[in-house]
Q: 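One structure, pasted below without further comment.
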Amino acid sequence: MTHTDVLVVGAGPTGLTLACDLARRGVAVRVVDRAPEFPVGSRGKGLTPRSLEVFDDLAVIDKVLASGTTHLPHRKYQGAEVIAEVDPEAGRVPTPDIPYPTGLLIPQWRVEHILRERLADFGVEVERGADLRGFAQDADGVTATVGDARIRARYLAGCDGGRSTVRRTLGLTLRGRTPDVQLMAVGDLEADGLGRDAWHQWLTPDGGIMLCPLPGTAAFQVQASHELDGDGSPLEPTLERFQRTFDRIAGVPGVRLHNLTWRSTYRVNVRMVDRLRVGPVFLAGDAAHVHPIAGGLGMNSGIQDAYNLGWKLGAVLAGDASSGLLDTYEEERLPIASWLLDITSDLLDAVLEAIKEKGGGLDAIAATELTQLMLRYPWSRLSRQAASRSAGPRAGDRAPDAPLRDPATGRRLRLFDLFRGPHFTLLRLGEGRALDDVGTGLVKPCLVGPGGFSDDDGHVADAYGTDALILVRPDGYIGLVAAPADTAAVGDYLRSL
């Protein structure tokens with residue numbers, strides 16, 4: 001039997017994000033996945049601004065941005081005629097508080113490749129063809145059977161998708177509904193006769209087909225109405241069927257589809273579990289919640305689950321927090337999962353209604369909620385507002401970015417540079433007591449004002465207000481807002497962990 005701190009089951013974006021976050025904290029982690037080879041299909045193809053902030057913290061943002069594209073217009077047709085062209089994120093530009101204002105189009109396999117490379121920096125490799133057969137819990141952890149081997153772990157994280165073995169072993173069920181919505185066929189293929197400068201969309205009340213160019217490849221992701229046989233059963237997606245659907249719905253001469261490298265079938269489900277933790281076992285991503293693809297939040301919600309869980313597991317394993325901190329994972333993320341099902345269902349309805357109107361389509365889902373920048377945890381026991389303020393973010397809100405200057409060196413940097421890493425960050429804004437008594441390995445103090453960093457352009461004050469102590473959690477959310485001299489509140493907060 002081998003031992004580890006955390007066993008992560010599933011090597012998609014959720015499991016890899018969690019593993020990277022744990023590994024950089026010095027946590028012993030193993031990642032197992034039943035697939036014998038790494039996936040090559042595009043599957044999810046977009047990252048939200050908040051996910052980009054997570055990848056900034058994990059130090060992979062440059063590779064991610066270099067592998068994707070933004071502001072791809074949606075080009076909508078009736079037959080060969082272009083009837084509309086829309087950039088749903090037009091006008092969104094970087095600001096001091098939001099460095100990544102738009103989503104990034106990038107195939108999921110590329111995201112996974114970048115995260116595996118980052119994980120390898122910490123000496124951790126994904127174990128492929130490693131099928132979880134079962135596990136047993138006790139007071140001290142989990143004993144899992146993976147293939148013919150037994151692995152002893154303090155904690156186990158089920159990031160193994162909608163057909164999760166971990167969820168099934170726990171006896172939990174994805175509860176919800178399967179709406180009466182048309183089955184979709186999805187695939188990666190090449191298309192002669194179509195430009196790569198837009199997401200091409202033919203959407204009608206009787207069916208649709210869309211082809212989206214995948215950055216860094218010669219391929220398009222195709223999404224199409226699923227062909228059915230005589231009794232209504234779905235037919236296997238094939239190149240010939242994709243071409244037939246294109247010819248029937250689009251009817252554009254000279255467009256030839258070829259080189260189908262991946263295919264799948266998608267049915268809308270709106271379902272979630274009612275628990276994210278059972279003892280030392282956790283669920284994250286599609287293992288815990290599945291929902292309509294409207295808004296592209298599937299991969300991204302799993303990344304946010306992992307980012308929330310990672311720092312909490314790391315703090316408990318390091319002895320900086322009691323195991324009770326792990327209860328806040330479910331406390332914070334379960335309501336978000338419920339909201340996710342509601343909003344994606346509403347967005348799907350909006351898209352279907354827009355399709356009935358000429359020119360309507362996916363741009364109907366261009367909502368600010370889809371950036372995930374508005375997500376917050378005001379109800380959490382980890383969100384404490386110890387000072388009344390008329391301006392600035394509150395406990396539970398996302399911590400904004402802002403530029404700073406080091407007066408000693410003149411070096412320009414960002415708050416996100418100071419937040420990056422596995423620690424809490426304590427911002428002192430304006431006058432106040434020295435922070436030497438709260439500077440520990442768990443907390444990095446940061447003075448903005450006299451004796452500290454310079455807010456030359458006032459962007460920190462614009463984002464946070466003035467005269468306060470603000471404790472930023474390792475996942476970039478504000479845990480505590482206190483008066484500038486109230487360092488005792490900071491100590492009380494950290495002791496409460």
Q: Under 3.5 Å, side chain of His200 to main-chain N/O of His74, donor-acceptor pair present?
A: no

Q: Donor-acceptor pair, Asp188 side chain versus Trp262 backbone, under 3.5 Å?
A: no

Q: Working to the nearest 0.5 angstrom, can you tell me the gap between Asp87 CG and Thr102 OG1?
A: 8.5 Å

Q: Where do Asp397 and Tyr377 land on the side chain to side chain contact (heavy atoms under 4.5 Å, CB included) test, with the steps shown first?
A: CA-CA 7 Å; Asp397 290 355; Tyr377 305 114; over 6 Å; no

Q: Check whether any side-chain heavy atom of Arg152 sits under 4.5 Å from a side-chain heavy atom of Val142, and report yes or no.
A: no

Q: Tell me if a side-chain donor or acceptor on Arg412 pairs with a main-chain N or O of Arg405 at a distance below 3.5 Å.
A: no

Q: So how far is it from Leu283 CG to Asp305 CG, rounded to the nearest 0.5 Å?
A: 9.5 Å

Q: Looking only at side chains, do Gln108 and Ser42 share a donor and an acceptor under 3.5 Å apart?
A: no

Q: Taking all atoms of both residues into account, what is the closest heavy-atom pair of Ser264 and Pro237, and its distance?
A: O-CG, 3.7 Å

Q: Taking all non-hydrogen atoms of both residues into account, name the closest pair between Asp286 and Val290 and its distance.
A: O-CG1, 3.6 Å

Q: Indicate yes or no: does Arg420 engage Glu53 in a salt bridge with an N to O separation below 4.0 Å.
A: no

Q: Looking at side-chain heavy atoms only, is the closest gap between Tyr155 and Leu7 below 4.5 Å?
A: no

Q: Hey, what do you get for CE (Met272) to OG (Ser338), rounding to the nearest 0.5 Å?
A: 5.0 Å

Q: Assess Arg128 against Phe38: is NZ or CZ under 6.0 Å from the centre of the six-membered ring, and within 45 degrees of the ring's axis?
A: yes

Q: May I ask you to say whether Asp148 pairs ionically with Arg133, meaning some side-chain N is under 4.0 Å from a carboxylate O?
A: yes

Q: Do the charged groups of Arg411 and Asp406 touch, with an N to O distance under 4.0 Å?
A: no

Q: Strictly distance-based, threshold 3.5 Å: is any side-chain N or O of Gln221 a donor or acceptor partner for the main-chain N or O of Met210?
A: no

Q: Give me the atom names and distance for the closest heavy-atom approach of Arg398 to Ile478.
A: O-CD1, 4.3 Å

Q: Are Glu117 and Lys63 close enough for a salt bridge, meaning some N to O gap below 4.0 Å?
A: yes

Q: Taking side chain as C-beta onward, heavy atoms only, is Asp97 less than 4.5 Å from His459?
A: no

Q: Would Asn300 and Ser51 count as having a side-chain donor-acceptor pair, cut-off 3.5 Å?
A: yes

Q: Check whether any side-chain heavy atom of Tyr100 lies under 4.5 Å from a side-chain heavy atom of Pro94, and answer yes or no.
A: no

Q: Roughly how far, to the nearest 0.5 Å, is CG of Leu276 from CZ of Arg333?
A: 9.0 Å

Q: Of all the heavy-atom pairs spanning Arg271 and Asn269, show the shortest one and how long it is.
A: NE-OD1, 3.3 Å

Q: Quick check: do Phe419 and Leu427 have side-chain heavy atoms less than 4.5 Å from each other?
A: yes

Q: Given Arg50 and Thr371, is the side chain to side chain contact (heavy atoms under 4.5 Å, CB included) satisfied, shown in steps?
A: CA-CA 6 Å; Arg50 182 57 186 159; Thr371 67; over 6 Å; no

Q: For residues Leu183 and Tyr266, determine if any side-chain heavy atom of one lies less than 4.5 Å from a side-chain heavy atom of the other.
A: no

Q: Taking only Lys NZ, Arg NE, NH1 and NH2, and the carboxylate oxygens of Asp or Glu, determine whether Asp56 and Arg414 approach each other closer than 4.0 Å.
A: yes

Q: How many angstroms lie between atom CG of Leu189 and atom CZ of Phe242, to the nearest 0.5 angstrom?
A: 6.5 Å

Q: Is atom CZ of Arg150 surrounded by more than 12 heavy atoms (other residues, nucleotides or ligands) closer than 6.0 Å?
A: no

Q: State whether Phe220 and Arg196 meet the cation-pi test: NZ (Lys) or CZ (Arg) under 6.0 Å from the six-membered ring centroid, and within 45° of the perpendicular axis.
A: yes

Q: Please determine which of Thr2, Thr4, Asp5 meets the side chain to side chain donor-acceptor pair (under 3.5 Å) test together with Arg30.
A: Thr2

Q: Could you tell me if the side chain of Val166 sits less than 4.5 Å from the side chain of Phe135, heavy atoms only?
A: yes

Q: Specify the closest pair of heavy atoms between Arg118 and Ala59, including all atoms of both residues, with the distance to one decimal.
A: NH2-CB, 3.8 Å

Q: In sequence, state the C-alpha distance, the side-chain angles, and the governing distance for Leu58 and Arg24, and then conclude on side chain to side chain contact (heavy atoms under 4.5 Å, CB included).
A: CA-CA 9 Å; Leu58 295 179; Arg24 69 170 175 164; 3.8 Å; yes

Q: Are any of the side-chain heavy atoms of Tyr329 and Leu334 separated by less than 4.5 Å?
A: no

Q: If the threshold is 4.0 Å, N to carboxylate O, is there a salt bridge linking Glu236 and Arg263?
A: yes

Q: Salt-bridged, Asp197 to Arg75, with N to O below 4.0 Å?
A: yes

Q: Under the salt bridge (Lys or Arg N to Asp or Glu O under 4.0 Å) criterion, do Lys312 and Glu332 qualify, and how do the steps go?
A: CA-CA 12 Å; Lys312 296 171 181 178; Glu332 292 183 344; 2.8 Å; yes

Q: Where do Ile114 and Ser67 land on the side chain to side chain contact (heavy atoms under 4.5 Å, CB included) test, with the steps shown first?
A: CA-CA 10 Å; Ile114 292 170; Ser67 301; 3.9 Å; yes

Q: With rounding to the nearest 0.5 angstrom, report the CG to OG1 distance, Leu105 to Thr69.
A: 6.5 Å

Q: Find out whether the Lys NZ or Arg CZ of Arg376 is both under 6.0 angstrom from the six-membered ring centre of Tyr477 and within 45° of the ring's axis.
A: no

Q: Hey, are Thr165 and Arg34 close enough side-chain-wise for a donor-acceptor pair under 3.5 Å?
A: yes

Q: Where do Ser380 and Glu331 come nearest, in terms of heavy atoms and distance?
A: CA-OE2, 3.2 Å

Q: Do Asp57 and Tyr307 pair up side chain to side chain, a donor and an acceptor below 3.5 Å, judged on atom types alone?
A: yes

